[in-house]
Number of protein chains: 2
Amino acid sequence: MYIGTKGDYGIRALIDLAMYGGAGPIQRAEIARRQHIPEAYLDHLLAQLRRAGFIQSTRGPGGGHQLNRPAAEICLLHALETLEGSLAPMPCLEDHDDGESDSVCAQQWVWREIYDDMRARLQAVTLADLAAREQERLRALATSYSI
Amino acid sequence: MYIGTKGDYGIRALIDLAMYGGAGPIQRAEIARRQHIPEAYLDHLLAQLRRAGFIQSTRGPGGGHQLNRPAAEICLLHALETLEGSLAPMPCLEDHDDGESDSVCAQQWVWREIYDDMRARLQAVTLADLAAREQERLRALATSYSI
DNA sequence: GTATTCTTGACTAAGTTAGTCGAGAATTGC
DNA sequence: GCAATTCTCGACTAACTTAGTCAAGAATAC
Ligand code: FES
Ligand code: FES
């Protein structure tokens with residue numbers, strides 16, 4: 001369940017859309033520049049987000065990407081699972097909840113607790129929260145430079 | 001921080017030693033058979049555990065491996081970190097606590113909370129706890145078969 | 001000295017990650 | 001219709017990690 005560049009870049013792209021996407025679509029080049037993501041790589045991440053219904057994209061001049069739903073209604077858990085696949089910390093916790101309780105080894109319960117807790121925390125965080133935090137971070141950065 | 005076979009097998013080997021290691025060393029072949037671990041692979045895991053001071057090994061006939069400390073004094077966190085390396089769920093949380101707070105992106109705080117919580121839970125679990133659980137599991141399994 | 005058991009390092013196959021590249025499709029404006 | 005813009009998609013790659021295997025060797029017991 002290691003979060004690699006897929007998850008990190010992808011979420012940063014969504015935050016970017018939440019912050020700057022109020023008026024019309026944002027182009028991938030703009031996101032890539034602001035968030036320091038290789039443009040060609042960002043393509044794939046946006047494609048996954050589009051297929052999962054998080055964003056919609058329009059082609060042609062003036063085109064770009066925008067969120068499909070309000071940022072407050074997108075949770076971090078769902079977005080990350082879209083980008084990275086299952087976040088389970090070990091194979092035996094992968095979501096095949098078919099009631100199969102076989103092959104449980106002694107440490108599984110600890111990890112199930114950790115996993116449940118993790119999912120709950122991630123589900124409680126929305127894109128709007130993250131965008132607000134990023135806004136604040138940028139503001140703090142700007143004032144610290146301007147002193 | 002995905003826990004692969006290294007962490008899973010390694011912990012199972014430690015539990016095995018905690019359960020059966022009361023009277024003298026246990027041989028790797030015995031552990032491998034009971035825990036369904038490839039013998040040659042188990043070698044490497046035992047070597048890591050030995051170098052980290054969890055177990056000691058003796059060669060020759062009647063030799064084998066045994067815990068260096070009481071099972072109640074070995075926590076799951078330390079053992080897993082020995083076997084798997086850092087358990088950080090993303091690269092920016094890797095333990096270089098050199099006060100560098102640069103390049104914090106918006107979602108880092110969520111993950112730091114999750115990571116801290118995870119470490120706390122893992123630190124609270126000892127090998128003795130796991131061995132007790134395994135004991136109980138085997139007992140339950142045995143009675144369910146003997147009905 | 002021989003059988004036993006651990007120790008170590010080299011090697012491998014398969015899978016994953018983090019990308020790059022190029023051809024093509026849709027749209028806008030003229 | 002043409003040209004410019006922007007997204008779309010699949011193929012390809014290099015580097016790395018994982019999960020092992022294997023063989024030579026060292027220590028010990030008898
Ligand atoms: S197999 Fe999942 S905890 Fe051991
Ligand atoms: S770089 Fe660690 S959370 Fe974005």
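Below, chain A is the first sequence line, B the second, and so on; all start at residue 1.
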Once side chain to side chain donor-acceptor pair (under 3.5 Å) is applied, do any residues pair with E113(B), and if so which ones, sequence neighbours excluded?
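For E113(B), the residues satisfying side chain to side chain donor-acceptor pair (under 3.5 Å) (neighbours in sequence not counted) are R121(A).
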
Quick one: list whatever passes side chain to side chain donor-acceptor pair (under 3.5 Å) with N68(A), sequence neighbours left out.
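With sequence neighbours excluded, N68(A) shows a side chain to side chain donor-acceptor pair (under 3.5 Å) to Q56(A), given in chain and number order.
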
Side chains of residues 2-10 of chain B: which donor-acceptor pairs under 3.5 Å do they make with residues two or more places apart or in other chains?
from: T5(B); atom 1: OG1; to: Y41(B); atom 2: OH; distance (Å): 3.2
from: D8(B); atom 1: OD1; to: Q107(A); atom 2: NE2; distance (Å): 3.1
from: D8(B); atom 1: OD2; to: R12(B); atom 2: NH1; distance (Å): 2.7

5' to 3' on DNA chain C, which nucleotides open and close the contacts with chain B (atom under 4.0 Å from a heavy atom)?
dT4(C) to dA10(C)

Pairs touching residues 64-85 of chain A that satisfy ring pair (Phe, Tyr, Trp, His ring centres under 6.0 Å), sequence neighbours left out
F54(A)-H78(A)

Salt bridge (Lys or Arg N to Asp or Glu O under 4.0 Å) contacts touching residues 65-79 of chain A (sequence neighbours left out):
none

For E136(B), give me all partners under side chain to side chain contact (heavy atoms under 4.5 Å, CB included), at least two apart in sequence or on another chain.
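Partners of E136(B) by the side chain to side chain contact (heavy atoms under 4.5 Å, CB included) criterion, ordered by chain and then number, come out as R139(B).
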
Report yes if some heavy atom in the side chain of Q108(B) is under 4.5 Å from a heavy atom in the side chain of C92(B); otherwise report no.
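Contact flag for Q108(B)/C92(B) side chains = yes.
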
Should S57(A) be listed as having a side-chain N or O under 4.0 Å from OP1 or OP2 of dT6(D)?
no

If only side-chain N and O atoms of Y2(B) are considered, is one of them under 4.0 Å from the OP1 or OP2 phosphate oxygen of dT17(D)?
no

Taking salt bridge (charged side-chain N to carboxylate O under 4.0 Å, His left out) as the definition, give me every residue that meets it alongside E84(A), ordered by chain and number, with sequence neighbours left out.
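Result, salt bridge (charged side-chain N to carboxylate O under 4.0 Å, His left out) vs E84(A): none returned.
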
Below 4.0 angstrom, which residues in residues 27-55 of chain B have at least one non-hydrogen atom near DNA chain C?
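Of all residues in residues 27-55 of chain B, the ones placing a heavy atom under 4.0 Å from DNA chain C are Q27(B), R28(B), D43(B), H44(B), R50(B), R51(B).
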
Polar atom pairs (N or O), protein with nucleotides 25-30 of chain D, under 3.5 Å:
from: dA26(D); atom 1: N3; to: R59(B); atom 2: NH1; distance (Å): 3.1

Those residues at least two apart in sequence (or on a different chain) that pass ring-ring contact (aromatic ring centres under 6.0 Å, His included) with H44(A) are none

Side chains of residues 28-35 of chain A: which donor-acceptor pairs under 3.5 Å do they make with residues two or more places apart or in other chains?
from: R28(A); atom 1: NE; to: E39(A); atom 2: OE2; distance (Å): 3.3
from: R28(A); atom 1: NH1; to: D43(A); atom 2: OD1; distance (Å): 2.8
from: R28(A); atom 1: NH1; to: D43(A); atom 2: OD2; distance (Å): 2.8
from: E30(A); atom 1: OE2; to: R34(A); atom 2: NH1; distance (Å): 3.3
from: R34(A); atom 1: NE; to: D16(A); atom 2: OD1; distance (Å): 3.3
from: R34(A); atom 1: NE; to: D16(A); atom 2: OD2; distance (Å): 2.8
from: R34(A); atom 1: NH2; to: D16(A); atom 2: OD1; distance (Å): 2.7
from: Q35(A); atom 1: NE2; to: D16(A); atom 2: OD2; distance (Å): 2.7

